[in-house]
Amino acid sequence: MVRNLSGNIQFAPLLILHFSLLAPTTFVEAEKFNLSYPDTSYITSIADKLRWYRYKKALFQREVADYAGMDRATYGSYEKADREYYPIEKMNRIAKLLEVPVTAFLDEYNLFLYRNQ
């Protein structure tokens, strides 16, 4: 930062130690969602868990979709509550990007499929 006092210029360092970027479409959307679910233990649907972890990593749907090798619209359908089946190879890629185990996302039905039962 710079300050000019009567022709005398003074400099002061500005340190930003940490700030998180918000990637959802609006700040209000992320804020409402994070207030609704302070922890994933409160979340029951896979779609909301995916959104929660994506918000925590400050990623756009496009970035997750590109990493997982799918269209943004396809990934967008993963974050909608009406989806029942999630391909495990895509979920593994998403879990790797979000740095969580794939089992953190899955509900009982998809865990059953994941464990080849």
Side-chain angles (χ1 to χ4, degrees):
M1 299 185 69
V2 179
R3 176 169 72 169
N4 186 354
L5 294 173
S6 304
N8 186 11
I9 298 176
Q10 296 178 339
F11 294 94
L14 173 65
L15 297 176
I16 300 174
L17 299 177
H18 174 66
F19 63 93
S20 59
L21 301 173
L22 292 176
T25 54
T26 63
F27 176 74
V28 175
E29 177 188 340
E31 187 176 1
K32 285 181 183 178
F33 189 81
N34 288 339
L35 288 174
S36 299
Y37 303 113
D39 187 324
T40 56
S41 64
Y42 297 98
I43 303 173
T44 57
S45 74
I46 295 174
D48 287 340
K49 287 180 184 181
L50 285 170
R51 187 176 309 116
W52 192 87
Y53 283 111
R54 182 174 60 83
Y55 284 173
K56 289 297 180 189
K57 292 298 258 178
L59 296 170
F60 289 111
Q61 285 184 346
R62 162 68 57 208
E63 295 168 318
V64 177
D66 288 346
Y67 187 84
M70 65 177 81
D71 294 329
R72 196 225 43 90
T74 303
Y75 178 76
S77 72
Y78 281 31
E79 289 188 4
K80 291 185 181 169
D82 58 347
R83 188 173 183 99
E84 292 181 14
Y85 173 70
Y86 296 84
I88 200 62
E89 60 276 353
K90 299 296 183 187
M91 293 300 286
N92 281 327
R93 297 277 299 166
I94 293 168
K96 183 178 176 183
L97 175 66
L98 300 176
E99 299 175 345
V100 294
V102 70
T103 55
F105 298 127
L106 303 178
D107 58 8
E108 290 180 21
Y109 172 72
N110 284 288
L111 275 172
F112 180 81
L113 296 175
Y114 176 72
R115 294 179 178 139
N116 296 321
Q117 297 178 352

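More than 12 heavy atoms of other shown residues, nucleotides or ligands fall within 6.0 angstrom of atom CD in Glu89.
Of the possible polar contacts, one joining the Arg83 side chain to the Tyr85 backbone as a donor-acceptor pair under 3.5 Å is found. A donor-acceptor pair under 3.5 Å is formed between the side chain of Arg93 and the backbone N or O of Tyr67. The main-chain N or O of Ala68 is never found under 3.5 Å from a side-chain atom of Lys96 such that the two would form a donor-acceptor pair.
If you take CE on Met91 and CD1 on Ile46, they are separated by 5.5 Å, rounding to the nearest 0.5 Å.
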**Request:** Could you walk me through whether Leu59 and Leu97 pass the side-chain contact (heavy atoms from CB on, under 4.5 Å) test, one step at a time?
**Result:** CA-CA 10 Å; Leu59 296 170; Leu97 175 66; 3.8 Å; yes

**Request:** Start with the C-alpha gap between Tyr78 and Gln61, add the side-chain angles, then the distance that decides, and say whether side-chain contact (heavy atoms from CB on, under 4.5 Å) holds.
**Result:** CA-CA 10 Å; Tyr78 281 31; Gln61 285 184 346; over 6 Å; no

**Item:** Ile88 vs Val102, side-chain contact (heavy atoms from CB on, under 4.5 Å): CA-CA, chis, key distance, verdict
**Value:** CA-CA 9 Å; Ile88 200 62; Val102 70; 4.1 Å; yes

**Message:** Between Asp107 and Thr44, does the side-chain contact (heavy atoms from CB on, under 4.5 Å) criterion hold? Intermediate values first, please.
**Reply:** CA-CA 8 Å; Asp107 58 8; Thr44 57; over 6 Å; no

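Evaluation of the salt bridge (charged side-chain N to carboxylate O under 4.0 Å, His left out) rule for Glu99 yields Lys57 as partners, not counting sequence neighbours. By the salt bridge (charged side-chain N to carboxylate O under 4.0 Å, His left out) test, Arg51 is found to be paired with Asp48, Glu79, residues two or more places apart in sequence or in another chain being considered. Qualifying ring pair (Phe, Tyr, Trp, His ring centres under 6.0 Å) partners for Tyr75, counting only residues two or more places apart in sequence or in other chains: none.
With ring centers used as reference points, Phe105 lies 6.0 Å or more from Tyr86.
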